[in-house]
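Single-structure report; data block below.
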2 protein chains.
Amino acid sequence: MDIKTLCLGLLCDGDASGYDLKKQFESTFKHFYPAGYGSIYPSLAVLADQGLVQCHAMPQDKKPDRKVYRITEAGRQVFETSLADASPEHKLRSEYLVAMYFADYLEPEQLEQMLTNWNQTLSDGVARLDLIEQEFGPDVPPGTRFVLGFGKALATAMASYVEENRSLLLPATSTRNKRVDARIESSSTAQTTNLENRV
Amino acid sequence: MDIKTLCLGLLCDGDASGYDLKKQFESTFKHFYPAGYGSIYPSLAVLADQGLVQCHAMPQDKKPDRKVYRITEAGRQVFETSLADASPEHKLRSEYLVAMYFADYLEPEQLEQMLTNWNQTLSDGVARLDLIEQEFGPDVPPGTRFVLGFGKALATAMASYVEENRSLLLPATSTRNKRVDARIESSSTAQTTNLENRV
DNA sequence: GGCTAAGGTATCGCCTCGATATATATGCGC
DNA sequence: GCGCATATATATCGAGGCGATACCTTAGCC
């Protein structure tokens with residue numbers, strides 16, 4: 001599954017321009033499948049090439065044409081196939097987790113500051129999702145409700161974990177400074193690269 | 001922060017080859033900052049170019065040279081700066097969340113199957129992290145303990161959410177079929193020019 | 001008059017990813 | 001001894017994604 005598939009999915013719910021799609025990717029999809037212009041416009045071009053969407057240029061007064069895309073029957077089928085082929089693995093990437101892993105290379109005040117920032121960012125994220133939900137009014141579609149709830153549950157769980165485990169990082173009893181500088185031996189048998197000496 | 005920074009960080013804890021680094025990326029870092037050969041080897045080459053690491057080729061009997069990398073003082077400084085510059089935002093990407101968002105395009109049995117798969121995958125993930133933790137023995141470094149615990153807490157929270165909210169998706173009372181082409185009408189006032197008369 | 005925001009299109013270069021190629025050595029079952 | 005899988009180890013390629021930027025107009029505000 002890639003951005004092309006996501007575009008097809010969004011177009012299943014109604015015609016849209018690249019700009020419209022971007023707005024979706026920036027609101028509802030932001031927390032589990034974000035995409036920018038650099039992905040969306042090329043995707044639409046390829047999809048149009050493959051006949052999975054049709055493009056209609058709608059002239060506007062004194063503005064460049066609005067290019068509205070509509071999914072075709074072939075596009076719908078491709079989408080449903082891709083959807084069923086989805087992988088259950090998710091991908092997470094977090095710079096702050098890297099920072100926590102290497103916490104003993106940070107000044108304690110810096111670390112404190114980061115932990116505070118982190119929880120702030122997470123609660124901002126929850127607030128953002130709440131706002132999106134409210135904008136839907138009383139009738140949030142079930143899929144939307146599910147993914148928004150998922151995002152909120154996740155951010156909340158992260159915040160709780162950080163709060164409850166910050167003590168793991170803070171006591172300045174670092175063991176890393178005990179590490180030895182493994183000399184590189186030019187002997188052919190010396191393969192004792194010490195990746196283990198962090199203990 | 002990019003893979004280059006991560007490589008520097010790992011090399012702070014001891015010399016290593018590209019292969020060694022890959023193993024770390026595949027175990028401890030898998031759940032929050034994964035990387036493959038296609039990222040690691042080019043990163044090491046660039047770092048060596050910039051003088052942030054030194055490369056020592058260690059000849060081996062009847063095997064290609066083992067290229068062991070060691071961080072330099074400049075590398076250490078660059079790493080600590082990058083670490084302090086980390087962004088609190090995380091990135092998640094989940095195909096299954098996409099599938100749940102578009103759940104009404106799936107057969108109910110398929111959906112059921114996916115929800116089951118999902119929880120299986122998540123608990124496999126927790127088991128994997130438990131295993132890694134056990135391999136460290138009694139003295140898991142605090143940073144490692146923190147990130148492994150984070151991963152487990154997250155996967156557990158996901159599993160709970162999925163379990164508790166599957167009912168949101170299952171009752172076949174889809175509202176999507178009621179959809180109107182509201183997007184075009186709401187995003188532009190003047191373009192009542194319907195698409196049909198230009199198809 | 002100048003500033004910012006919003007509506008729009010689109011591309012560029014860097015980075016990342018997954019698969020693949022190329023060797024050798026070890027171990028395991030048959 | 002044969003075939004096979006696994007581990008050690010290097011590295012590259014093409015496809016795809018990402019962030020920033022460019023270009024253009026209108027509207028509103030100070």
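In what follows, every chain begins at residue 1, and chains take the letters A, B, ... in the order their sequences are listed.
Judged by the 6.0 Å and 45° rule, B/Lys30 forms no cation-pi pair with B/Phe25.
Distances from the side chain of A/Lys67 to the nucleotides D/dC18, C/dC17, C/dA10 place C/dA10 closest. With C/dT9, D/dT8, C/dT16 as the candidates, the nucleotide lying closest to the side chain of B/Ser39 is C/dT16. Set against C/dT11, D/dT8, D/dC18, the side chain of A/Tyr41 has C/dT11 as its closest nucleotide. Nearest nucleotide to the side chain of A/Tyr37, out of D/dG17, D/dT12, D/dT21: D/dT21. Side-chain atoms of B/Lys4 lie closest to C/dC15 of the nucleotides C/dC15, C/dA10, D/dA9. Closest to the side chain of B/Lys91, out of D/dT8, D/dC18, D/dA11, is D/dC18.
Residue A/Lys22 places none of its side-chain N or O atoms closer than 4.0 Å to OP1 or OP2 of C/dT9.
Rounded to an integer number of Å, the gap from A/Asp49 CG to D/dA15 P is 15 Å.
Residues B/Trp118 and B/Ser94 come closest through the heavy atom pair CZ2-OG, 4.3 Å.
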Step by step, work out the ring pair (Phe, Tyr, Trp, His ring centres under 6.0 Å) result for B/Phe29 and A/Tyr101.
CA-CA 9 Å; B/Phe29 283 74; A/Tyr101 180 86; 4.7 Å; yes

Show your working on salt bridge (Lys or Arg N to Asp or Glu O under 4.0 Å) between B/Arg66 and B/Asp20 and close with a plain yes or no.
CA-CA 11 Å; B/Arg66 221 178 101 89; B/Asp20 292 331; 3.3 Å; yes

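For the pair B/Gly38 and B/Arg93, both in contact range of DNA chain D, the more 5′-proximal nearest nucleotide belongs to B/Gly38.
Using a 4.0 Å cut-off on heavy atoms, none of the residues of residues 82-89 of chain A approach DNA chain D.
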